[in-house]
Amino acid sequence: MRLLSAIAALPAILVTAGPAQAIGFDDLLVQVFGSSDPKDLGGPIFVLIGVFAVVFFWTALRIGRKRQRRMIEDYDADIKEYSTRLRRGRS
């Protein structure tokens, strides 16, 4: 979690470290993608959407696997406890 909070704080740190300047949206697009023309931005925007989708589903898979593993471990513990009670004759 510390890494995520550090990454989230990085843009704020970078902005406050430099001199105060007005940032225009077109200038930002030219700086990042090399052009601010919408017809030239189709490819980069498509790539960004693809990267976002991959990161989103990868994160969802990780969360799902952890949840599934936890559910299986809880079930195994319940079955082991039930088995012990049956062997002792206390069902």
Side-chain angles (χ1 to χ4, degrees):
M1 280 317 256
R2 286 185 176 173
L3 178 65
L4 288 176
S5 60
I7 290 172
L10 186 62
I13 293 169
L14 292 176
V15 168
T16 57
Q21 295 177 356
I23 299 175
F25 187 68
D26 286 338
D27 296 334
L28 184 64
L29 286 174
V30 169
Q31 192 174 19
V32 173
F33 298 112
S35 174
S36 65
D37 190 16
K39 69 178 173 119
D40 295 334
L41 296 176
I45 290 174
F46 183 72
V47 169
L48 286 175
I49 291 171
V51 167
F52 177 75
V54 167
V55 169
F56 176 80
F57 285 112
W58 176 74
T59 304
L61 274 173
R62 285 193 62 203
I63 291 169
R65 286 179 183 158
K66 286 181 182 180
R67 182 174 179 260
Q68 184 179 26
R69 187 179 323 121
R70 188 174 52 248
M71 288 174 66
I72 290 171
E73 289 170 356
D74 290 345
Y75 179 77
D76 287 345
D78 289 346
I79 293 297
K80 190 177 287 187
E81 188 263 330
Y82 182 67
S83 172
T84 302
R85 282 190 298 154
L86 282 178
R87 274 189 253 127
R88 291 182 183 163
R90 290 185 263 150
S91 59

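Every heavy atom of this structure was used, including side-chain atoms; hydrogens, water molecules and symmetry mates were not.
Summarising the hydrophobic clusters (Ile, Leu, Val, Met, Phe, Trp, Tyr; side-chain heavy atoms under 4.5 Å, direct or chained), the residues clustered with Phe56 are Phe57. Annotation for Ile79: hydrophobic cluster partners, listed by chain and number, are Tyr75 (ILVMFWY side-chain heavy atoms under 4.5 Å, direct or chained).
Take Ile72 and apply the side chain to side chain contact (heavy atoms under 4.5 Å, CB included) test, not counting sequence neighbours, and it matches Gln68, Asp76. Residues passing the side chain to side chain donor-acceptor pair (under 3.5 Å) test with Glu81 are Arg85, sequence neighbours excluded.
Counting only residues at least two apart or on different chains, no side chain to side chain donor-acceptor pair (under 3.5 Å) pair has a member in residues 48-61.
The line from CZ of Arg70 to CD of Glu73 is 9.0 Å long, rounded to the nearest 0.5 Å.
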Throw together a table of side-chain donor-acceptor distances under 3.5 angstrom for residues 30-41, partners on residues two or more places apart or in other chains.
from, atom 1, to, atom 2, distance (Å)
Ser35, OG, Asp37, N, 3.1
Ser35, OG, Asp40, OD2, 3.1

Please assess Thr84 against Arg88 for the test side chain to side chain donor-acceptor pair (under 3.5 Å), listing each intermediate value before the final yes or no. CA-CA 6 Å; Thr84 302; Arg88 291 182 183 163; 5.9 Å; no

